[in-house]
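Only one structure is covered here, and it is reproduced in the block below.
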Amino acid sequence: MAKRTLDAFFKPSTPPKRPKTEPTTISTPETNNTPIEDTKPPSQHQSYPIPIAQLPSHIEVGLEHATPATAPREINNQPHLDLLHFQPYIPRPTANELFKFLRRELPFYRVQYTARRGDIETQINTPRWTTVFGVDETSTFIQQDNNPNSLVLLESKTKAPTPKTKYQCTPRPIPACLDLLRRQVEAANATADTKNPSYNFCLVNYYANGDDSIAFHSDDERFLGPEPNIASLSLGGERDFLMKHKPFVSGGNTNRTGGCVPDAAHAMSGPGGTGVTRASSIVSGGTSGTMSNPESRPAATVPLQQIKMSLGSGDMVVMRGATQSNWLHSIPKRKGKAGEMTRGRINITFRRAVIPGGTNNYYHYNVGSGGMYRWDEVSREMVLQDGKV
DNA sequence: GAGTATAAACACG
DNA sequence: TCGTGTTTATACT
């Protein structure tokens with residue numbers, strides 16, 4: 001902070017701020033002084049409700065030169081648990097900038113659907129905002145000419161146009177701002193793990209405050225294939241990420257669907273994908289059950305171990321191997337007055353779907369059929385955009 | 001996986 | 001250490 005005289009202290013230190021809509025200088029292509037970050041055209045596609053801006057150059061540079069910010073820590077000291085934790089993956093200041101950018105630029109949805117429990121139907125309003133991009137591996141977006149926005153959906157094998165009847169939804173290509181991140185996360189995984197993942201889906205969740213959450217579930221749907229690799233990046237406010245081993249019916253086998261969890265999740269959005277920890281801790285408690293790993297436990301039911309991790313801005317957790325088939329995860333609600341735990345948080349998950357059923361599921365549960373919302377900087381909340389889907 | 005009810009855990013004085 | 005108000009965890013629908 002610069003020194004000021006006592007006299008100056010009692011006067012306004014800065015002139016009144018100019019409204020943001022009034023640019024201080026006029027930049028035109030002719031004068032060639034337009035900031036680089038404003039020159040890249042947005043990602044556009046017929047499947048998008050709005051054009052999606054490209055990353056400002058300062059964020060892009062941060063992503064290209066400063067990730068991974070730390071080497072990953074392996075967490076595999078529990079049965080069937082196989083995690084990588086980058087703490088953080090993106091330097092915190094860059095992660096916070098990326099958080100604000102994505103909240104401002106992406107279209108979001110508040111998905112509602114009806115769930116049947118026994119013979120009664122209940123209306124579910126998912127307590128978080130979501131959006132999704134990508135298509136399963138049986139189809140591919142192919143660029144038609146030099147224009148990156150000329151993507152057409154083709155059959156991966158035959159390169160024939162994908163039939164209109166193949167999907168009950170309109171798959172959307174991953175926009176440039178998220179695709180850069182996707183490529184980098186794949187690369188980070190490749191160096192940390194010889195199994196090189198390639199993601200074709202990007203799910204984004206926005207948790208506006210401590211009331212937004214996602215219940216315990218696994219991302220173990222068949223359309224992800226066996227032992228899916230799911231990378232989960234956390235941006236913005238810090239939130240707890242809980243993991244617990246699936247309960248197990250007596251008999252102690254290690255079947256991969258693991259346990260008696262009823263149809264855990266319609267793939268819903270990524271668990272928060274969140275990840276893990278500033279300080280992960282084992283919390284005993286929760287339901288009791290018989291572990292599927294008999295050699296390390298008495299036969300009687302024992303408290304299942306629970307892991308609690310605090311995810312800060314820029315942290316990334318990669319869930320691998322047998323994790324999804326044996327563990328549940330959640331982002332619980334958190335009370336409090338506008339603290340770090342109740343700030344807005346974005347979670348991005350990258351994953352690979354292998355069959356069309358995955359595409360239909362993700363768009364159904366992460367876009368739905370309601371209206372599209374966008375972040376409004378004035379009211380500081382998501383606002384419904386008339387008529388846009 | 002959501003909403004609600006209730007029990008358990010925690011914070012504070 | 002107890003009492004009370006809150007927050008968190010679990011059971012059930």
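Order of the sequence lines sets the chain letters (A, B, ...), proteins ahead of strands, with each chain counted from 1.
One can place CD1 of A:I124 at 16 Å from P of C:dT13, the figure rounded to the nearest angstrom. Summarising the geometry, the separation between CZ on A:F241 and P on C:dA9 is reported as 14 Å, rounded to the nearest angstrom. Per the geometry, CG belonging to A:N125 stands 11 Å off P belonging to B:dT4, to the nearest Å. In this entry the distance linking CG of A:L328 with C1' of C:dA9 reads 15 Å, nearest Å. Atom C1' of nucleotide C:dA9 and atom CZ of A:F216 are separated by 9 Å, given to the nearest angstrom. Counting to the nearest Å, the P atom of B:dT4 and the CG atom of A:D211 are 12 Å from each other.
Between A:Y362 and A:F223, the distance from one ring center to the other falls under 6.0 angstrom. Taking the six-membered ring where the residue is Trp, the centroids of A:Y113 and A:Y365 are separated by under 6.0 Å. Checked against a 6.0 Å centroid threshold, the rings of A:F216 and A:H329 do not count as neighbours.
For CG of A:N125, the number of neighbouring non-hydrogen atoms (other residues, nucleotides, ligands) closer than 6.0 Å is greater than 12.
Its side chain within the 4.5 Å cluster rule, A:V152 clusters with A:I142, A:L154 among the Ile, Leu, Val, Met, Phe, Trp and Tyr residues.
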Quick test: give all pairs of protein nitrogen or oxygen and nucleotides 3-8 of chain C nitrogen or oxygen below 3.5 Å, distance rounded to 0.1 Å.
| residue | atom | partner | partner atom | Å |
| --- | --- | --- | --- | --- |
| C:dT8 | OP2 | A:K335 | N | 2.9 |

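Residue pairs meeting the salt bridge (Lys or Arg N to Asp or Glu O under 4.0 Å) criterion with at least one partner in residues 161-178 of chain A, sequence neighbours excluded, are A:E155-A:K166.
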